[in-house]
Student: 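For reference, the structure I am asking about is given below.
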Amino acid sequence: GRGLRIADLLELGDVHRADAEIEAFERGADELRQPNYRRIGAIRRGMRAMIAGRLDEVEPMLESEELQRGWYELDPNLVQGSAVLLYEVRRQQGRLEEIRPAMESLAEQYPAVPAWHAGLTLLYISLGRDEDARRKMDRLAVDDFAALRGDPNRMVAFSMLGQAAARLGDRERGERLYELLLPYAEHNIVIGAGWSCQGSASLPLGELAGALGRYDDAERHFDAAMRMNLSMESPPLVAETLIRHGEMLAGRDEPGDRERAADMVAEGLDTAQGLGIPALVERAFALKLRLQGIDTADVRSSIDAVAEAVEDERPDLSGAAAPDGTVTILFSDIEGSTAMTERLGDRRWLEVLREHNSIVRAHVGEHGGFEVKSQGDGFMVAFSSARRALDCAIAIQRAFATQVEEQADEAVRVRIGMHTGEAIRERDDFFGRNVILAARIAAQADGGEILVSSLLKELAESSGDIAFGEAREVALKGLSGTYWLHAVDWGRVGAGAAG
């Protein structure tokens with residue numbers, strides 16, 4: 001009974017009474033000494049930490065003895081509750097790719113809970129897999145969303161699919177999902193028995209109304225969302241409301257909209273940075289650049305800009321090919337370069353950029369690489385030898401690692417991705433696939449990391465002196481299927497001889 005009341009109070013936005021019920025529930029769990037009740041309590045504590053913006057407290061709860069002991073004896077609700085909470089953490093961290101396989105498995109494992117497929121639809125969009133998202137949307141929209149309309153989790157399903165429709169530009173389904181979600185406008189979106197509270201349903205309604213061009217409705221929904229999320233005393237939800245409202249205003253672009261949006265994004269960005277929520281910071285920063293007239297598609301990744309330029313120009317790489325016709329491709333750029341530009345200012349940033357480019361070019365020259373294209377801080381380099389390419393990447397990372405130790409405030413952290421492909425035969429396919437694959441691998445790398453394809457790892461392993469970390473399976477934007485990527489443990493690699 002208390003569990004049901006907790007969910008109802010959260011939906012109504014009465015967070016203080018919900019907290020009192022959570023405490024009473026946990027006292028009862030301790031008195032009864034029921035392990036599953038204690039596990040439910042741990043999940044709800046994680047949910048409350050998420051609402052308050054204390055992300056650093058959530059993972060320890062998920063890894064606690066309460067939730068780890070006897071995992072396979074848990075009932076399905078607890079398995080799903082833990083997964084929902086982990087999804088919320090990874091969403092805010094911008095790390096959804098890590099849980100994509102688990103989400104896909106849960107969606108298939110619990111066909112009676114179609115809301116899992118709705119969540120997967122939105123996850124695919126966040127990962128740039130729009131075609132996969134459209135296929136999910138087609139499946140869920142059958143018979144006017146009949147499977148969802150009878151689901152106890154229909155509110156969260158309508159919310160997630162509404163956001164998906166807005167971002168896919170699916171106007172017809174967006175209109176219907178707006179109608180289905182509208183009755184819940186004055187409620188919060190609560191998943192399950194309080195596993196997660198995603199804040200006011202008026203927030204996705206505002207985003208959806210804006211995408212449909214219903215700007216007066218969008219304004220009304222965003223105002224309602226702000227009232228509810230403020231009453232929840234939730235800085236992350238308030239920041240997200242500000243950022244999404246700003247996105248709507250930027251899209252409408254009527255007199256005064258840009259100024260209002262700039263104020264909103266500044267407040268939302270400050271909050272997101274203070275809380276340490278990477279996904280909100282990235283979204284806010286992209287909007288800030290958009291309001292300044294900068295195309296975020298160009299600045300989000302210098303790697304993408306270089307790859308697109310090379311795709312258009314298709315230079316002759318036969319001179320950089322090995323005797324067997326293969327070329328090893330290296331892409332690199334500076335992690336967080338746009339944020340660094342904002343922090344340092346244009347003059348100092350140009351000095352940092354010149355130094356970065358000089359270091360990269362020096363090592364490329366030393367290792368016999370051919371600079372195919374550079375743009376800003378992004379490079380594409382071709383090598384006839386996979387080993388020379390790896391030695392070059394390692395040398396670059398070591399050079400910048402020394403710089404990190406010496407000047408932390410302006411230290412450059414470089415992302416490097418590499419792949420080997422055949423350049424002479426089927427030249428069009430080489431540029432259409434191998435170059436894009438190498439660029440996408442680089443985009444998966446973190447600052448200070450070298451990621452390589454499985455093929456390149458196989459070519460390099462024979463020397464025996466290159467160490468690799470644990471393989472990770474990822475989906476790559478614009479490419480079908482999944483790929484195994486391997487991080488080079490360059491701190492453990494000897495100087496190596498160019499081969």
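If you read the sequence from its start, that first residue is 1, and numbering goes on from there.
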Student: Can a side-chain donor-acceptor contact be found between Asn357 and Arg354 if the only test is distance below 3.5 angstrom?
Tutor: no
Student: Return yes when atom CD of Glu31 has more than 12 non-hydrogen atoms of other residues, nucleotides or ligands closer than 6.0 Å, and no otherwise.
Tutor: no
Student: Anything under 3.5 Å between a donor and an acceptor, one on a side chain of residues 138-150, the other on a protein residue two or more places apart or in another chain? List them.
Tutor:
{"from": "Asp138", "atom 1": "OD1", "to": "Arg173", "atom 2": "NH1", "distance (Å)": "2.6"}
{"from": "Asp138", "atom 1": "OD1", "to": "Arg173", "atom 2": "NH2", "distance (Å)": "3.1"}
{"from": "Asp144", "atom 1": "OD1", "to": "Arg176", "atom 2": "NE", "distance (Å)": "2.8"}
{"from": "Asp144", "atom 1": "OD2", "to": "Arg176", "atom 2": "NE", "distance (Å)": "3.3"}
{"from": "Asp144", "atom 1": "OD2", "to": "Arg176", "atom 2": "NH2", "distance (Å)": "2.9"}
{"from": "Arg149", "atom 1": "NE", "to": "Asp144", "atom 2": "O", "distance (Å)": "2.7"}
{"from": "Arg149", "atom 1": "NH2", "to": "Asp143", "atom 2": "O", "distance (Å)": "3.3"}
{"from": "Arg149", "atom 1": "NH2", "to": "Asp144", "atom 2": "O", "distance (Å)": "3.4"}

Student: If the threshold is 4.0 Å, N to carboxylate O, is there a salt bridge linking Glu335 and Arg413?
Tutor: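 Here Glu335 pairs with Arg413 in a salt bridge, since their nearest N and O are under 4.0 Å apart.
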Student: Looking at side-chain heavy atoms only, is the closest gap between Gln93 and Leu55 below 4.5 Å?
Tutor: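 The answer is yes, as the side chains (C-beta and beyond) meet within the 4.5 Å cut-off.
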Student: Step through the shown structure and confirm whether more than 12 heavy atoms of other residues, nucleotides or ligands are within 6.0 Å of CG on Asp216.
Tutor: no
Student: Do Glu473 and Arg100 sit within salt-bridge range, that is, some charged N less than 4.0 Å from a carboxylate O?
Tutor: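 Salt bridge absent between Glu473 and Arg100.
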Student: Salt bridge check: are Glu219 and Arg252 linked by an N-O gap of less than 4.0 Å?
Tutor: yes
Student: Could you go through the side-chain contact (heavy atoms from CB on, under 4.5 Å) check for Met226 and Leu242 one step at a time?
Tutor: CA-CA 8 Å; Met226 182 58 75; Leu242 287 164; 3.7 Å; yes
Student: Could you verify whether a donor N or O on one side chain and an acceptor N or O on the other, from Ser200 and Asn188, lie under 3.5 Å apart?
Tutor: no
Student: Does a salt bridge link Arg283 with Glu247, judged by any charged N lying under 4.0 Å from a carboxylate O?
Tutor: yes
Student: If you measure from the Lys or Arg side-chain nitrogens to the Asp or Glu carboxylate oxygens, is any gap between Glu240 and Arg244 under 4.0 Å?
Tutor: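 Salt bridge: yes.
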Student: Could you pull out all residues at least two apart from Asp253 that satisfy side-chain contact (heavy atoms from CB on, under 4.5 Å)?
Tutor: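 Result, side-chain contact (heavy atoms from CB on, under 4.5 Å) vs Asp253: Arg258.
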Student: So that I can tick it off, tell me whether Arg167 and Glu207 are bridged by a salt bridge, with the cut-off set at under 4.0 angstrom between side-chain N and carboxylate O.
Tutor: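 Salt bridge present between Glu207 and Arg167.
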Student: Distance from Asp377 atom CG to Leu353 atom CG, nearest 0.5 Å?
Tutor: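 Here the interatomic distance stands at 6.0 Å.
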Student: Would you mind checking if Glu282 and Arg91 are paired as a salt bridge, meaning a charged N to carboxylate O distance below 4.0 Å?
Tutor: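 Glu282 and Arg91: not salt-bridged.
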Student: Run the salt-bridge test on Arg472 and Glu98 with the 4.0 Å N-O cut-off and return the result as yes or no.
Tutor: no
Student: Would you mind checking if Arg48 and Glu57 are paired as a salt bridge, meaning a charged N to carboxylate O distance below 4.0 Å?
Tutor: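 Arg48 and Glu57: not salt-bridged.
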Student: Nearest 0.5 angstrom please: Tyr184 OH to Ser159 OG, how far?
Tutor: 12.0 Å
Student: Looking at Arg5, I want to see if its CZ is surrounded by more than 12 non-hydrogen atoms of other residues, nucleotides or ligands under 6.0 Å.
Tutor: no
Student: So that I can tick it off, tell me whether Asp217 and Arg220 are bridged by a salt bridge, with the cut-off set at under 4.0 angstrom between side-chain N and carboxylate O.
Tutor: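 A salt bridge is present here (some side-chain N lies under 4.0 Å from a carboxylate O).
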Student: Do Arg44's NZ or CZ and the ring of Phe25 fall within the cation-pi criteria of under 6.0 Å and 45°?
Tutor: yes
Student: As a quick check of understanding, evaluate side-chain contact (heavy atoms from CB on, under 4.5 Å) for Asp132 and Arg134, giving each step before the final call.
Tutor: CA-CA 5 Å; Asp132 288 332; Arg134 287 190 176 93; over 6 Å; no
Student: Ignoring hydrogens and angles, state whether a donor on the side chain of Gln198 or Glu88 is under 3.5 Å from an acceptor on the partner side chain.
Tutor: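 Their side chains do contain a donor-acceptor pair, which is all the 3.5 Å distance test asks for.
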Student: Establish, for the pair Arg214 and Tyr178, whether the NZ or CZ atom is under 6.0 angstrom from the six-membered ring centre and no further than 45 degrees off its axis.
Tutor: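 Judged by the rule, Arg214 and Tyr178 form a cation-pi pair.
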Student: Against Trp116, only a single residue in Val84, Thr121, Asn153 fulfils side-chain contact (heavy atoms from CB on, under 4.5 Å); can you say which?
Tutor: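 Between Trp116 and the candidates, side-chain contact (heavy atoms from CB on, under 4.5 Å) is satisfied uniquely by Val84.
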Student: For the CG atom of Leu9 and the CG atom of Asp14, what is their distance to the nearest 0.5 Å?
Tutor: 5.5 Å
Student: Measuring from atom CD1 of Ile189 to atom OG of Ser202, what distance do you get when rounded to the nearest 0.5 angstrom?
Tutor: 9.0 Å
Student: Can you tell me if Arg95 has over 12 outside heavy atoms packed within less than 6.0 Å of its CZ?
Tutor: yes
Student: Any side-chain donor-acceptor pair under 3.5 Å between Gln92 and Tyr87?
Tutor: no
